[in-house]
Amino acid sequence: MRKGFLTFAAVGLLATGSLTACGDDSGSNGAGGDNGQTPKIGVILPDSKSSARWETADRRFLEEAFKAAGVEYDIQNAQNDKNAFQTIADQMITNGATVLMIVNLDSGTGKAVLDKAKSQGVATIDYDRLTLGGSAQYYVSFDNEAVGKLQGEGLSKCLTDQGVQKPTIAYLNGSPTDNNATLFKNGYDSVLKPKFDAGEYAKGPEQSVPDWDPAQAATIFEQMLTQTNGKIDGVLAANDGLGNAAISVLKKNKINGRVPVTGQDADLQGLQNILAGDQCMTVYKAVKQEADAAAELAIAIAKGERKDTGQTVKDPESGRDVPARLLQPKLIYKENVKDVVADGYVDKAKLCEGSFAQLCADAGVN
């Protein structure tokens with residue numbers, strides 16, 4: 001990778017919305033307009049099961065950005081299929097992508113795709129997840145350790161508010177193949193481990209959930225509840241999907257609302273769980289900012305421009321400093337669910353339909 005290939009202004013590019021580009025489904029060799037090629041950007045999303053955000057938010061905001069900029073693009077979803085992921089990448093490169101942006105399924109698959117793109121002269125961006133040992137020229141994401149720290153702080157506040165003494169905390173970590181899950185855990189451990197060490201909290205069962213799969217998370221958490229004879233006082237769930245899985249088990253045992261559960265992504269279901277009192281908090285990551293930052297960067301590279309992010313992230317596997325743009329997350333409790341709606345991330349009509357109408361009104365969602 002050519003370090004410093006990019007020059008990405010640390011402020012202006014995040015504004016919220018004006019990056020972007022025209023929609024077609026193609027890609028192209030080489031890094032863009034300086035060699036006479038038509039800028040074409042390929043994006044591979046990971047799945048639609050681990051989090052609703054990939055289809056409801058990332059796709060939407062990336063499309064808006066690319067259309068506004070008038071560049072050709074192709075956004076596809078690998079649906080957690082490694083073979084499909086590689087096939088999609090090959091097709092995008094063959095069809096002339098000048099930039100390939102990926103959310104890897106795991107670092108091994110991601111690295112193979114990035115290396116193939118690099119060998120074909122296609123510029124590459126890791127979007128949301130860093131590919132360990134990979135060759136992506138840039139990385140755009142949120143500060144994921146900060147996300148985990150907010151989860152730990154949120155759970156701690158909810159337990160304090162409930163007056164729980166020496167609570168036993170269970171961990172539902174994210175997928176073991178996702179580097180973000182490691183970063184989230186680093187963040188919440190930085191808050192909770194000192195409490196375990198001091199005897200303020202007790203460490204309960206802990207398990208990573210393969211592929212961020214909510215169905216597996218529900219099974220895992222049911223087993224946790226059984227092995228502790230129901231003695232779990234708080235659940236650090238790494239995202240809203242895993243949190244909802246834990247809540248479904250708590251509901252079966254009629255103890256939902258009494259056991260604080262965390263989340264992340266501020267998706268529709270997570271916010272409704274918060275309004276209902278079944279989930280204590282989530283972390284809002286303004287995906288529009290992330291998508292706009294990545295799209296602006298991809299568009300610039302596709303047009304042959306050089307940008308500088310002003311930030312780097314060290315790849316723990318290769319030791320390489322990867323030029324990066326890291327955005328800041330926000331902690332969401334019931335009292336500021338309205339901020340997520342005001343930002344346009346979720347639709348108020350969907351959030352507040354039916355039995356949630358009064359809950360929305362009580363929380364000031366308007």
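For clarity, every value in this text was computed on a predicted model and none was experimentally measured.
- Counting only heavy atoms from C-beta outward, the side chains of L172 and I220 approach each other to under 4.5 Å.
- A distance-only check finds a donor-acceptor pair linking the side chain of R320 to the backbone of G134 [under 3.5 Å].
- At a threshold of 4.0 Å, the pair R60-D58 does not count as salt-bridged, since none of the basic side-chain nitrogens sits closer than that to a carboxylate oxygen.
- Although no hydrogens or angles enter the test, the distance criterion places a donor-acceptor pair under 3.5 Å between the side chain of N239 and the main chain of G241.
- At a threshold of 4.5 Å between non-hydrogen side-chain atoms, the residues I232 and M224 count as touching.
- No donor-acceptor distance shorter than 3.5 angstrom exists from the side chain of N229 to the backbone of K231, with no hydrogens or angles considered.
- Summarising the local packing, CG of N366 is surrounded by 12 or fewer heavy atoms from other residues, nucleotides or ligands at distances under 6.0 Å.
- Between V313 and D321 there is no side-chain heavy-atom pair separated by less than 4.5 Å.
- K185 and E206 are joined by a salt bridge, as a carboxylate oxygen and a charged side-chain nitrogen come within less than 4.0 angstrom of each other.
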Q. Should K330 and D339 be marked as a side chain to side chain contact (heavy atoms under 4.5 Å, CB included) after you check the CA-CA gap, both sets of side-chain angles, and the distance that decides it?
A. CA-CA 10 Å; K330 182 176 182 176; D339 293 350; 2.9 Å; yes
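- There is a side-chain donor-acceptor pair under 3.5 Å between Q269 and N244.
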Q.
Would V287 and F61 count as a side chain to side chain contact (heavy atoms under 4.5 Å, CB included) here? Give the steps.
A. CA-CA 8 Å; V287 172; F61 293 132; 4.1 Å; yes
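- Looking at Q311, its side chain does come within 3.5 Å of a backbone N or O of L326 through a donor-acceptor pair.
- Listed for the E200 side chain is no donor-acceptor partner under 3.5 Å among the backbone atoms of K166.
- For Q264 and D240, the side-chain atoms include no donor-acceptor pair closer than 3.5 Å.
- The side-chain contact (heavy atoms from CB on, under 4.5 Å) test applied to A298 returns I41, V99, M101, I125, not counting sequence neighbours.
- Distance alone, capped at 3.5 Å, places no donor-acceptor pair between the N253 side chain and the I255 backbone.
- Between the side chains of S48 and Q79, at least one donor-acceptor pair of N or O atoms lies under 3.5 Å.
- Atom-to-atom distance recorded for T177:OG1 and D211:CG is 6.0 Å, nearest 0.5 angstrom.
- Summarising the geometry of Y345 relative to A57, their closest heavy-atom pair is CE1-CB, 3.6 Å, with the distance given to 0.1 Å.
- Contact record, V322 with Q137: CG1-O, 4.4 Å, taken as the closest heavy-atom pair.
- In this structure, the side chains of V43 and Y127 stay at 4.5 Å or more apart for every pair of heavy atoms.
- Remark: the backbone N or O of V103 is not paired with any side-chain donor or acceptor of D128 at under 3.5 angstrom.
- Residues V261 and L250 come closest through the heavy atom pair CG2-CD1, 3.7 Å.
- Linking ILVMFWY residues whenever their side-chain heavy atoms come closer than 4.5 Å, directly or via other members, leaves L130 and L183 in distinct clusters.
- Side-chain contact between S156 and K195: present, with at least one pair of heavy atoms (C-beta onward) separated by less than 4.5 Å.
- The pair R53-E290 meets the salt-bridge criterion, since a charged nitrogen lies less than 4.0 angstrom from a carboxylate oxygen.
- One N or O on the side chain of Q272 and one on the backbone of L351 form a donor-acceptor pair closer than 3.5 Å.
- Contact record, G174 with S208: O-CB, 3.5 Å, taken as the closest heavy-atom pair.
- A cation-pi arrangement, defined by a distance under 6.0 Å to the six-membered ring centre and an angle within 45 degrees of its axis, is present between K157 and Y333.
- With 3.5 Å as the limit, one finds no donor-acceptor pair spanning the side chains of W54 and N77.
- A distance-only check finds a donor-acceptor pair linking the side chain of K338 to the backbone of E335 [under 3.5 Å].
- D74 and N95 share no side-chain donor-acceptor pair at under 3.5 Å.
- When all heavy atoms of M281 and L155 are compared, the pair lying nearest together is CG-N, 4.4 Å.
- Taking 4.5 Å as the limit, every side-chain heavy atom of Y138 sits out of range of all side-chain heavy atoms of D126.
- Here the NZ-OG1 distance, from K118 to T124, works out to 8.0 Å after rounding to the nearest 0.5 Å.
- Here the CG atom belonging to L275 is positioned 11.5 Å from the CD atom belonging to Q358, to the nearest 0.5 angstrom.
- When side chains are defined from C-beta on, K288 counts as touching E64, because their heavy atoms get closer than 4.5 Å.
- Rounding to the nearest 0.5 Å gives a distance of 11.5 Å between CD of Q120 and CG of L100.
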Q: Check the pair I299, K303 against side chain to side chain contact (heavy atoms under 4.5 Å, CB included), reporting the backbone distance first and the verdict last.
A: CA-CA 6 Å; I299 291 161; K303 292 180 177 179; 3.8 Å; yes
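- A distance of 8.5 Å separates NZ in K111 from CD in E317, rounded to the nearest 0.5 Å.
- Defined by atom type and a distance below 3.5 Å, a donor-acceptor pair is present between the side-chain atoms of Y284 and D343.
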Q: Verify side chain to side chain contact (heavy atoms under 4.5 Å, CB included) between N173 and Q207, making sure each step is shown before the conclusion.
A: CA-CA 6 Å; N173 300 322; Q207 194 165 330; over 6 Å; no
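- A donor-acceptor pair shorter than 3.5 Å can be found between the side chains of S135 and D115.
- Looking at N144, its side chain never comes within 3.5 Å of a backbone N or O of F184 through a donor-acceptor pair.
- Contact of the V346 side chain with the L271 side chain is registered, since non-hydrogen atoms from C-beta on lie closer than 4.5 Å.
- The distance from atom CD1 of I44 to atom CD1 of I88, rounded to the nearest 0.5 Å, is 5.5 Å.
- Remark: D90 engages K116 in a salt bridge (charged side-chain N to carboxylate O under 4.0 Å, His left out) (not counting sequence neighbours).
- With hydrogens and angles left out, the side-chain atoms of S107 and N104 include no donor and acceptor closer than 3.5 Å.
- Y139 and T312 share no donor-acceptor pair across their side chains, judged by distance under 3.5 Å alone.
- The cluster map of Ile, Leu, Val, Met, Phe, Trp and Tyr, joined by side-chain heavy atoms under 4.5 Å apart, puts I93 and L105 in the same cluster.
- A pairwise comparison of heavy atoms in A218 and V249 identifies O-CG2, 3.5 Å as the closest pair.
- Residue pairs meeting the salt bridge (Lys or Arg N to Asp or Glu O under 4.0 Å) criterion with at least one partner in residues 77-89, sequence neighbours excluded, are K82-D106.
- Aromatic ring centroids of Y188 and Y171 lie under 6.0 Å apart.
- For the residue pair D278/N273, the side-chain donor-acceptor check at 3.5 Å is not satisfied.
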